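So the structure is just underneath, and the comments pick up after that.
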Amino acid sequence: MKQGLFISLEGPDGCGKSTQITFMEQYLKQEGYEVVVTREPGGTDISEQIRKVILDKDNMAMGDTTELLLYAAARAQLVSEFIKPAVDAGKVVICDRFVDSSAVYQGIARGLGIDMVYAVNSYALQGMMPKRTFLLDLPAQEGIKRKRGQHELDRMELQKAEFHEKVAQGYRTLAAMHKERIVIIDAMKPADEIAAIIREELQDLL
Ligand code: TMP
């Protein structure tokens, strides 16, 4: 049976993940792989409902621990309902964000600690971790500027500049801790150049 593959994309808000996911999906399908795309928080009916609660800007009073647990709850449902079955069936799963987002946003930027994030998430992951993670690295304020031009900002995007700065820096720290898995790409490069870098990495992987 064909072996499944789990890949994730990460980066600060506005780093251009969606554009790259479209390129990746097209490329992998052309190469004959069965590809499914999903996102976090979300990707299943239940997880999308949790997403609404997390990102609702009327929920500014949400505590950091509640936030951590809601992301983990959305993830638990996505892993058991979608990611694990798809990988077990031999598909390529591309996920827009995964537990690295919790490590950076909740663990580093909120200050809850990476160990705490992994301890909580160990219940959700069922041993699933991406084989390769593409990190689109971008100066924090550039990402928020891009988002402002696209839509009304959500609860996370509305966090202070200092928070977004910690996120951008936090991703670099995490990438240095997991050099074998996380590939850092400069997200200020043109989209087609980024796509070419990712394609080369995928060729090595497959
Ligand atoms: P998105 O806009 O890329 O869909 O992500 C939603 C927001 O949630 C984004 O600001 C990043 C944040 N986030 C976390 O803080 N922790 C997590 O575990 C995940 C998956 C996302």
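Each ligand, and each atom within it, is numbered from 1 in the order the structure gives. All values derive from a computational prediction rather than experimental measurement.
At a threshold of 4.5 Å between side-chain heavy atoms, the hydrophobic network of Ile, Leu, Val, Met, Phe, Trp and Tyr places M129 and L135 in one connected group.
In the model, R146 has no side-chain atom that pairs as donor or acceptor with a side-chain atom of Q141 under 3.5 Å.
Side-chain rings of Y71 and Y105 stay apart, their centers remaining 6.0 Å or farther from each other.
At a 4.0 Å heavy-atom cut-off, the residues surrounding ligand 1 are D13, K17, E40, P41, R51, L55, Y71, R75, R97, S101, S102, Y105, Q106, M156, listed by chain and number.
One finds a salt bridge joining K84 and D88 here, because a Lys/Arg side-chain nitrogen approaches an Asp/Glu carboxylate oxygen to under 4.0 Å.
Enclosure of atom CD in E162 is not indicated, since only 12 or fewer non-hydrogen atoms of other residues, nucleotides or ligands lie within 6.0 angstrom. Annotation: E152, atom CD; neighbour count of heavy atoms from other residues, nucleotides and ligands within 6.0 Å does not exceed 12.
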